[in-house]
Amino acid sequence: MLREIKHILGRGDILIVEFTKKNGEKRKMKCTTNLDRIPDSDHPQEGSTFTYNTEKSLRVYDVEAEGWRSFRVDSVDAFESASFTSGWKIGYMNKEL
């Protein structure tokens, strides 16, 4: 699953991810790591220790909340890509499948 999510983000697409927060709350987020889609004022600063991801969590820019967020990969219930050319639902995964 991590590989597929990184592939979507690596293409510059918007990732729509559904996950369960640590407190048990379900969350759906539209996010990206594409700096062209993130306001300049929110770009990581040069020399910062900012990282986009680890093997356990991903740091992404929430395009609706307009801020950086992270989610644990093992908490993902489903995800899909909003492709610029092909429409919605390029990829989808559910833990129960």
Side-chain angles (χ1 to χ4, degrees):
M1 178 176 3
L2 176 61
R3 186 173 146 206
E4 291 90 348
I5 291 172
K6 284 183 175 182
H7 180 73
I8 292 168
L9 292 171
R11 289 190 314 226
D13 290 352
I14 298 291
L15 174 73
I16 302 169
V17 62
E18 295 178 34
F19 60 96
T20 304
K21 295 170 58 171
K22 283 185 180 181
N23 66 5
E25 180 184 335
K26 298 284 186 183
R27 171 112 152 75
K28 187 173 185 177
M29 175 172 55
K30 291 181 182 178
C31 56
T32 188
T33 55
N34 182 347
L35 293 177
D36 291 337
R37 299 184 140 273
I38 300 169
D40 290 341
S41 60
D42 288 334
H43 284 194
Q45 299 300 311
E46 192 172 321
S48 71
T49 58
F50 184 92
T51 58
Y52 286 110
N53 57 59
T54 67
E55 291 301 312
K56 295 183 179 184
S57 66
L58 293 175
R59 187 169 171 92
V60 295
Y61 188 82
D62 184 329
V63 297
E64 293 179 324
E66 298 182 343
W68 290 96
R69 306 288 185 268
S70 62
F71 62 89
R72 293 181 341 272
V73 175
D74 65 357
S75 72
V76 173
D77 299 316
F79 65 92
E80 60 187 299
S81 172
S83 173
F84 300 118
T85 57
S86 301
W88 298 98
K89 293 215 173 189
I90 301 305
Y92 181 82
M93 177 160 295
N94 187 315
K95 286 182 179 180
E96 297 176 5
L97 294 178

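When reading the values below, keep in mind they use all heavy atoms of this one structure, side chains included, and skip hydrogens, waters and symmetry mates. On a predicted model such as this, the values are computed, not experimentally measured, just so you know.
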Below 4.5 Å, heavy atoms only, C-beta onward: do L58 and L2 meet side chain to side chain?
yes
Heavy-atom closest contact (D62 atom, E64 atom, distance):
OD1-N, 2.9 Å
Can you classify the ring geometry of Y61 versus W68 as parallel (below 30°), tilted (30 to 60°) or perpendicular (above 60°)?
perpendicular
Rounded to the nearest 0.5 Å, how far does CG of D42 lie from CG of L35?
10.5 Å
Is the shortest heavy-atom distance from the side chain of F79 to the side chain of C31 under 4.5 Å?
no
Just wondering, do R3 and H7 contact through their side chains at under 4.5 Å, heavy atoms?
no
Any idea which heavy atoms bring D13 and A82 closest together, and the distance?
CB-O, 3.8 Å
Holding to side-chain hydrogen bond (donor to acceptor under 3.5 Å, both in side chains), I want the full list of residues that pass it with R69, two or more places apart in sequence or in another chain.
none
Heavy-atom nearest pair, T33 first then I38, reads C-CD1, 4.2 Å
In Å and rounded to the nearest 0.5 Å, what is the CZ to NZ distance from R27 to K21?
6.5 Å
What distance separates E80 CD from E4 CD, expressed to the nearest 0.5 Å?
14.5 Å
To the closest 0.5 Å, what do you measure between OG1 (T32) and CG (L9)?
6.5 Å
Is the closest side-chain heavy-atom distance between K56 and D74 below 4.5 Å?
no
So which heavy atom on S81 is nearest to which on R11, and how close?
OG-NH2, 3.1 Å
CZ-CG distance between F71 and L15, expressed to the nearest 0.5 angstrom:
5.5 Å
What's the spacing between T20 OG1 and E25 CD if we round to 0.5 Å?
10.0 Å
